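Note sheet for the following structure.
Throughout, a chain's letter reflects where its sequence line sits, starting with A, and its residues are numbered from 1. The structure presented is a predicted model; accordingly, all values stated were derived computationally and were not measured.
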2 protein chains.
Amino acid sequence: MALNSFIEVQPDSHFPIQNLPYGVFKPSPESAARPGVAIGDYVLDLSEVASAGLFDGPILKDSSDCFHQPNMNKFLALGRPAWKEARATLQKLLSSTEPTLRENTDLRQKSLVPMEKAEMLLPIAIGDYTDFSTSIHHAKNCGLLFQGTPELPPNWLHLPTGYHGRASSVVISGTDIIRPRGQGRPAGNSPPYFGPSLKLDFELEMATVVGPGNELGKPVDVNQAEDHIFGLVLLNDWSAMDFLDWETVPLGPFLGKSFGTTISPWIVTLEALEPFACDAPKQEPQPLPYLAEKISKSYDILLEAKIKPATQKDSIVTTKSNLKHLYWTLTQQLAQHTINGCNLMPGDVLATGTICGPEPESLGCLLELTWNGQRPLSLNGTTRTFLEDGDEVIITGYCKVLAYI
Amino acid sequence: MALNSFIEVQPDSHFPIQNLPYGVFKPSPESAARPGVAIGDYVLDLSEVASAGLFDGPILKDSSDCFHQPNMNKFLALGRPAWKEARATLQKLLSSTEPTLRENTDLRQKSLVPMEKAEMLLPIAIGDYTDFSTSIHHAKNCGLLFQGTPELPPNWLHLPTGYHGRASSVVISGTDIIRPRGQGRPAGNSPPYFGPSLKLDFELEMATVVGPGNELGKPVDVNQAEDHIFGLVLLNDWSAMDFLDWETVPLGPFLGKSFGTTISPWIVTLEALEPFACDAPKQEPQPLPYLAEKISKSYDILLEAKIKPATQKDSIVTTKSNLKHLYWTLTQQLAQHTINGCNLMPGDVLATGTICGPEPESLGCLLELTWNGQRPLSLNGTTRTFLEDGDEVIITGYCKVLAYI
């Protein structure tokens with residue numbers, strides 16, 4: 001018998017009782033920000049659940065002030081035992097067989113906020129943001145487009161490559177992104193181009209939200225790295241491909257990225273994703289021992305990117321990809337990040353890099369989809385090489401079950 | 001008549017009343033962290049000055065809670081008018097002609113903490129840390145050492161190049177740095193090297209501490225950029241040169257840097273540095289209009305790096321350099337950082353990159369001083385190619401006046 005909620009959840013909802021992703025929201029414009037979980041068309045206000053004394057498990061009964069915070073960081077710092085306890089408490093509370101919340105009209109009124117009334121906010125205070133490059137298809141395409149060769153960089157198969165990103169410009173889904181100005185590669189002997197980016201792009205990514213983290217100088221073992229992953233967000237790594245082309249050698253991506261990075265309001269926990277775990281791709285050559293995992297795990301998460309031009313009513317799917325295409329696992333990324341002793345903190349964000357699959361329709365950015373603008377993409381009567389002003393990019397992720405039986 | 005303090009200041013002290021750099025400290029192990037300024041051999045406790053109601057200027061009289069904080073960020077957010085007011089208040093309070101503090105035994109006792117008793121802490125909460133590469137001498141040497149050519153990267157003379165660094169691992173002077181482990185370039189067809197860095201290095205840098213900052217999407221004009229610079233710190237950009245050699249292409253410096261970055265406890269304000277302002281080097285080609293400054297200003301700050309091997313009593317000078325050697329100005333770095341709309345926040349740190357001059361003794365890291373280990377450096381009877389365990393690196397900066405008359 002599948003677990004069901006007393007709250008009605010449409011069959012195509014992303015928020016059944018099996019998911020329960022965490023976010024931060026304001027129930028009304030005047031109210032303070034607080035954590036919540038999504039259930040059907042509602043947000044369950046965790047500050048109200050905490051105030052009612054319903055987080056009564058051994059860990060959270062003394063730590064439930066983590067739900068009276070304007071971000072999830074304090075909860076993230078508590079680690080997996082607390083996360084499991086919270087999930088068990090919430091699944092019980094929301095289940096159809098449990099009267100505590102269902103029969104308490106007053107608490108239901110206070111704690112269940114219709115999603116369309118909730119203002120979603122950045123769920124975490126992000127100390128540091130890192131972007132990896134873990135899709136082999138994307139890496140090969142970038143080699144072809146920027147260096148004219150499909151050969152991977154020599155280090156690529158030996159470690160998950162990555163770079164430090166900008167934390168201050170990570171914003172919540174729905175935030176307008178202003179087309180950046182900057183320099184592009186000069187034509188011949190002219191001075192460099194300067195002006196608005198002419199190759200503004202999205203990049204379809206997901207990202208690990210870091211839990212407890214580690215002390216400076218103390219690497220996380222790859223086989224324990226999962227304990228430091230609270231969950232995943234969707235991430236749009238907005239990119240000015242023309243600026244990147246000019247700036248990336250020799251110091252890496254910088255201003256072609258730091259004008260804005262969008263994350264989803266909801267963090268889906270690893271617990272919720274566990275039923276969709278799958279084997280990660282085989283790695284050849286074998287990773288060095290410090291990156292060799294006892295269990296090499298990925299997740300079967302279907303990902304879609306859509307563009308909605310300002311002039312059109314409907315959005316058009318540009319990309320169908322899947323997290324499971326990534327070569328390096330999330331745990332390998334985290335272990336690699338700390339192998340030098342670098343300290344990760346609760347709320348840090350580690351993005352996967354553009355998630356491309358092997359098929360043409362699974363390319364995760366316009367740079368690849370249009371082959372650097374050479375093959376415009378047809379979008380329901382109009383075309384795109386790169387993003388135009390007013391375009392909306394919609395990224396969706398979901399896991400498929402035939403039925404909860 | 002020079003401004004003098006009633007507190008005795010040795011002639012060779014770095015902390016005369018003309019300097020008054022800001023830091024954060026604990027007067028005793030049990031006490032809370034609070035801001036202070038250095039004067040002679042003392043730290044003046046600004047929380048005590050604030051509690052005594054002595055910040056009575058028009059801005060700070062209502063904002064002096066910024067001195068009851070565990071970091072300088074709130075004060076930094078107030079901007080230059082508040083910084084000037086604080087400086088005027090403190091110079092007056094500490095001057096030999098002013099009785100308010102000098103004659104108040106109780107307040108003097110409470111507010112003047114002997115420097116050797118004060119535990120210095122990281123003075124700022126660092127949201128984001130960026131590292132530029134603005135020394136033309138360093139850039140040419142790196143080209144020779146890593147790419148075999150002294151030619152600058154094509155973008156180098158058109159913009160201050162930089163990369164996002166890791167904020168979490170920025171630590172205060174005196175913090176032990178643990179030799180990082182990681183991957184180095186493979187020899188021939190072997191797997192990559194894995195183990196402790198064999199080319200651990202220091203890099204002599206300074207860094208801008210950002211004041212008010214800007215909103216996402218709103219660049220700072222280069223001619224107003226100075227308003228966003230609170231002051232400067234010394235910075236040691238510890239580097240694992242072997243890891244960098246293997247990881248930097250294509251995504252830039254990452255784990256070869258993020259195991260630790262040390263800053264000085266004291267932030268020297270631009271007001272204190274103003275008497276030492278000098279012309280910045282001529283830039284050719286002319287920068288694009290958005291980087292062209294009405295006044296192109298640098299500072300004549302003498303910089304020294306010393307190494308003290310664990311086995312020796314004395315430290316040995318390895319580098320004598322100067323901030324004024326840098327090609328790109330601090331204001332150009334800040335303007336460039338925001339031209340794409342990237343938002344800077346109070347307490348952000350923008351490092352200059354290794355500060356090398358044209359002379360052999362002005363090279364700011366062992367990589368250059370020993371030409372990648374090929375010419376060991378003689379250190380008072382011992383030698384160094386790169387840093388050895390137990391080595392202490394001491395970076396000093398000072399400005400020279402013949403006399404305050």
Side-chain angles (χ1 to χ4, degrees), chain A residues 127-128 130 133 142 146-147 153-155 158-159 161-169 171 175-178 180-183 185-186 191-192 194 197 216-217 219 240 243 246-260 285 288-290 336-337 339-345 348, chain B residues 127-128 130 133 142 146-147 153-155 158-159 161-169 171 175-178 180-183 185-186 191-192 194 197 216-217 219 240 243 246-260 285 288-290 336-337 339-345 348:
Chain A
D128 278 288
T130 298
S133 167
C142 285
F146 288 124
Q147 276 84 40
N155 52 17
H158 296 287
L159 50 80
T161 57
Y163 64 96
H164 302 296
R166 178 83 194 171
S168 71
S169 52
V171 296
T175 306
D176 282 343
I177 298 293
I178 296 173
R181 289 186 301 159
Q183 289 192 24
R185 189 179 289 281
F194 176 74
S197 170
L216 190 61
F243 302 166
W246 177 230
E247 79 179 359
T248 299
V249 175
L251 296 179
F254 184 41
L255 302 180
K257 297 285 192 181
S258 60
F259 58 92
L288 289 174
Y290 82 95
Q336 175 67 20
H337 206 315
I339 187 62
N340 67 344
C342 179
N343 53 335
L344 301 181
M345 311 282 282
D348 282 352
Chain B
D128 278 288
T130 299
S133 167
C142 286
F146 288 124
Q147 277 84 41
N155 52 18
H158 296 287
L159 50 82
T161 56
Y163 64 96
H164 302 296
R166 178 83 194 173
S168 71
S169 52
V171 296
T175 307
D176 282 344
I177 297 292
I178 296 173
R181 289 185 301 159
Q183 289 192 24
R185 190 179 290 282
F194 176 74
S197 170
L216 190 61
F243 301 166
W246 176 230
E247 78 180 359
T248 300
V249 175
L251 296 178
F254 183 42
L255 302 180
K257 297 284 192 180
S258 60
F259 59 92
L288 290 174
Y290 82 95
Q336 174 67 20
H337 206 315
I339 187 60
N340 67 344
C342 180
N343 52 333
L344 300 181
M345 311 283 281
D348 282 352

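- A donor atom on one side chain and an acceptor atom on the other are found under 3.5 Å apart for Asn340(A) and Ser258(B).
- Relative orientation of the Tyr290(A) and Phe194(B) rings is parallel, given thresholds of 30° and 60° on the angle between their planes.
- For a residue to count as touching a neighbouring chain, one of its non-hydrogen atoms must lie under 4.5 Å from one of that chain's; by this rule Thr175(B) does not touch chain A.
- Contact of Phe146(B) with chain A is not made at all, since no heavy-atom distance falls under 4.5 Å.
- In this structure, the portions of Pro192(B) lying under 4.5 Å from any heavy atom of chain A include both its backbone and its side chain.
- No other option in Ile178(A), Leu255(A), Thr248(A) has as many heavy-atom pairs under 4.5 Å with chain B as Leu255(A).
- Looking only at heavy-atom pairs under 4.5 Å with chain B, the residue among Ala167(A), Gly127(A), Pro153(A), Gly256(A) that has the most is Ala167(A).
- We find that Asp128(B) and Arg166(B) are not joined by a salt bridge, their nearest charged nitrogen and carboxylate oxygen being 4.0 Å or further apart.
- For Leu251(B), the side-chain contact (heavy atoms from CB on, under 4.5 Å) test picks out Ser133(A), Thr161(A), Tyr163(A), Pro253(A), with sequence neighbours left out.
- Looking at Asn155(A), its side chain does come within 3.5 Å of a backbone N or O of Val249(B) through a donor-acceptor pair.
- By number of non-hydrogen pairs under 4.5 angstrom with chain A, the leading residue of Gly260(B), Pro250(B), Gly182(B) is Pro250(B).
- Of the residues considered (Pro219(A), Ser197(A), Pro186(A), Gly165(A)), Gly165(A) shows the highest number of contacts with chain B, using heavy-atom pairs under 4.5 Å.
- Heavy-atom pairs under 4.5 Å with chain B were tallied for Arg185(A), Lys257(A), His337(A), Met345(A); the largest tally goes to His337(A).
- The shortest side-chain heavy-atom distance between Cys342(A) and Phe259(B) does not fall under the 4.5 Å cut-off.
- Without hydrogens or angle criteria, Gln183(B) side chain to Trp246(B) main chain gives no donor-acceptor distance under 3.5 Å.
- Contacts between Pro285(B) and chain A at a heavy-atom distance below 4.5 Å are absent for every atom of the residue.
- Contacts of Gln147(B) with chain A are absent, with no heavy-atom separation under 4.5 Å from either backbone or side chain.
- Neither the backbone nor the side chain of Asp176(B) comes within less than 4.5 Å of any heavy atom in chain A.
- Residue contact with chain A, scored on non-hydrogen atoms closer than 4.5 Å, involves the backbone and the side chain of Leu344(B) alike.
- The contact between Leu288(B) and chain A is made entirely by side chain atoms (from C-beta outward), counting heavy-atom distances below 4.5 Å.
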